[in-house]
J.: 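Dropping a structure here in structure tokens format, bear with me for questions.
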Amino acid sequence: MSSTSLKNRYHDAPRAADFTIDQAWDTYSAAEHDRWDRLFRRQREVAKGRACATALKAMEELELSASGIPHMGELSDKLEKITGWRVVPVAELVPDEIFFDHLANRRFPAGAFIRPEAEFDYLQEPDIFHDIFGHVPLLANPVFADFMEAYGKGGQRAMQLGQLHNLARLYWYTVEFGLIREAGGLRIYGAGILSSPQETVFALEDDSPNRVAFDLQRIMRTKYVIDDFQQTYFVIDSFDALLDACYKDFGNVYQQVKDQPDIEAHETLAEDALLNKGTLGYFRKKASV
């Protein structure tokens, strides 16, 4: 069964104005609950020593290891007590303005469907495993929770200014594919990496990608790869540093980057604070550079 077929059961479900639906938790099959358990067990093992300490701690605190697909309402009740965030089920990706409104009001829209067995190892679109395993743990961190709310409010402003493509790059290279420095070395906090066993290893241990210290304007100018591993990863020093760099009106930042050329995903610049100059070997073999 394809992911499209699995999603179809939600397509005709009643939707609120904010595109949320009933998760219909009792309609998940035993096979789907088992699929979640196997995805969780595999990724938790891969994430040990690679995921940031904040994410690993939150997974235990939120009891994501409990058997079966999480019930978003029950999960939200735990999360709301910690940072005021809730997880709301949606059938598919929601329009930008709806997405930003959810984040600005401390609601994270999560896909309700789970990937089919045939796409167990890789799925292009976010399903419940990506959204819950990858995104939700960091929402239990007060500083990152504040960053996500600020991002939602910033998205509304970016749409007004016609700079959404710049802001989308910030989300991509932090929330989805960000790395963080910890005492033991680089660790992962981005959901796109955390929910992928292959990229969890690649992002930290392969010599192909560039690893560059966080720079807001640099990120806003940098293209990204949608259907493969990232050619460049950006590294923050802490969640506090990320919030400090981004907790402001981006109007002046947009003006500064508006007339500057885009940077290709594999490029490095002379002014980059490089932690690792990638060989790009993986990408050259695939002729993607």
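Along the sequence shown, residues are numbered consecutively beginning with 1.
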J.: Test Phe234 against every option in Tyr173, Phe177, Tyr224 by the ring pair (Phe, Tyr, Trp, His ring centres under 6.0 Å) rule and name the one that passes.
T.: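 By the ring pair (Phe, Tyr, Trp, His ring centres under 6.0 Å) criterion, Phe234 pairs with just one of Tyr173, Phe177, Tyr224: Tyr173.
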J.: Any chance you could lay out the side-chain hydrogen bond (donor to acceptor under 3.5 Å, both in side chains) test for Gln256 and Gln217, step after step, and finish with the verdict?
T.: CA-CA 8 Å; Gln256 292 168 10; Gln217 290 191 29; 2.3 Å; yes
J.: Please determine whether a side-chain nitrogen of the Lys or Arg among Asp34 and Arg38 lies less than 4.0 Å from a carboxylate oxygen of the Asp or Glu.
T.: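 A salt bridge is present here (some side-chain N lies under 4.0 Å from a carboxylate O).
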J.: Under the criterion side-chain hydrogen bond (donor to acceptor under 3.5 Å, both in side chains), I'd like the reasoning laid out for Gln230 against Trp172: C-alpha separation, chi angles, the key distance, then a yes or no.
T.: CA-CA 10 Å; Gln230 297 307 297; Trp172 189 267; 2.9 Å; yes
J.: Any salt bridge between Arg42 and Asp121, counting N to O under 4.0 Å?
T.: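 Salt bridge: yes.
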J.: Is the Tyr151-Phe99 ring centre distance short of 6.0 angstrom?
T.: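 Not under 6.0 Å, so no.
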J.: Verify the ring-centre separation between Phe133 and Phe40: is it less than 6.0 angstrom?
T.: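 They qualify: ring centres under 6.0 Å apart.
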J.: Roughly how far, to the nearest 0.5 Å, is the CG atom of Asn276 from the CG atom of Leu274?
T.: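 Separation between the atoms: 8.0 Å.
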J.: Within the structure provided, determine whether Met148 and Leu138 are in side-chain contact (heavy-atom separation under 4.5 Å).
T.: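 In short, these two side chains do not touch, never coming nearer than 4.5 Å.
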J.: Between Gln255 and Asn252, is any side-chain donor less than 3.5 angstrom from a side-chain acceptor?
T.: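 Result is no, nothing qualifies.
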J.: For the rings on Trp85 and His135, is their centre-to-centre separation under 6.0 Å?
T.: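 Not under 6.0 Å, so no.
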J.: Between Lys48 and Glu45 (salt bridge meaning N to carboxylate O under 4.0 Å), is one present in this structure?
T.: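 Yes, this pair counts.
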J.: Mind running side-chain hydrogen bond (donor to acceptor under 3.5 Å, both in side chains) on Gln43 and Thr200 for me, showing each step along the way?
T.: CA-CA 9 Å; Gln43 193 58 19; Thr200 295; 3.0 Å; yes
J.: Is any side-chain heavy atom of Lys153 closer than 4.5 Å to one of Glu149?
T.: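 Yes, close enough: below the 4.5 Å cut-off.
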J.: I'd like to know if Arg169 pairs up with Asp262 as an ion pair, taking the criterion as any Lys NZ or Arg NE/NH1/NH2 lying under 4.0 Å from an Asp or Glu carboxylate oxygen.
T.: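 Looking at Arg169 and Asp262, the cut-off is met.
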J.: Looking only at heavy atoms, what is the nearest atom pair of Lys248 and Val253, with distance?
T.: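 Scanning both residues, the minimum pair turns out to be CE-CG2, 4.2 Å.
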J.: Classify the angle between the aromatic ring planes of Tyr282 and Phe229 as parallel (below 30°), tilted (30 to 60°) or perpendicular (above 60°).
T.: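 Ring orientation, 0 to 90° scale: tilted.
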J.: Return the orientation label for the Trp25 and His33 ring planes: parallel under 30°, perpendicular over 60°, tilted otherwise.
T.: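 Tilted.
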J.: So that I can tick it off, tell me whether Glu205 and Arg50 are bridged by a salt bridge, with the cut-off set at under 4.0 angstrom between side-chain N and carboxylate O.
T.: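 Between Glu205 and Arg50 there is a salt bridge, with a charged N closer than 4.0 Å to a carboxylate O.
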J.: Are Tyr189 and Phe239, when compared by the centres of their aromatic rings, separated by less than 6.0 Å?
T.: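 Close enough - the centres of the two rings lie under 6.0 Å apart.
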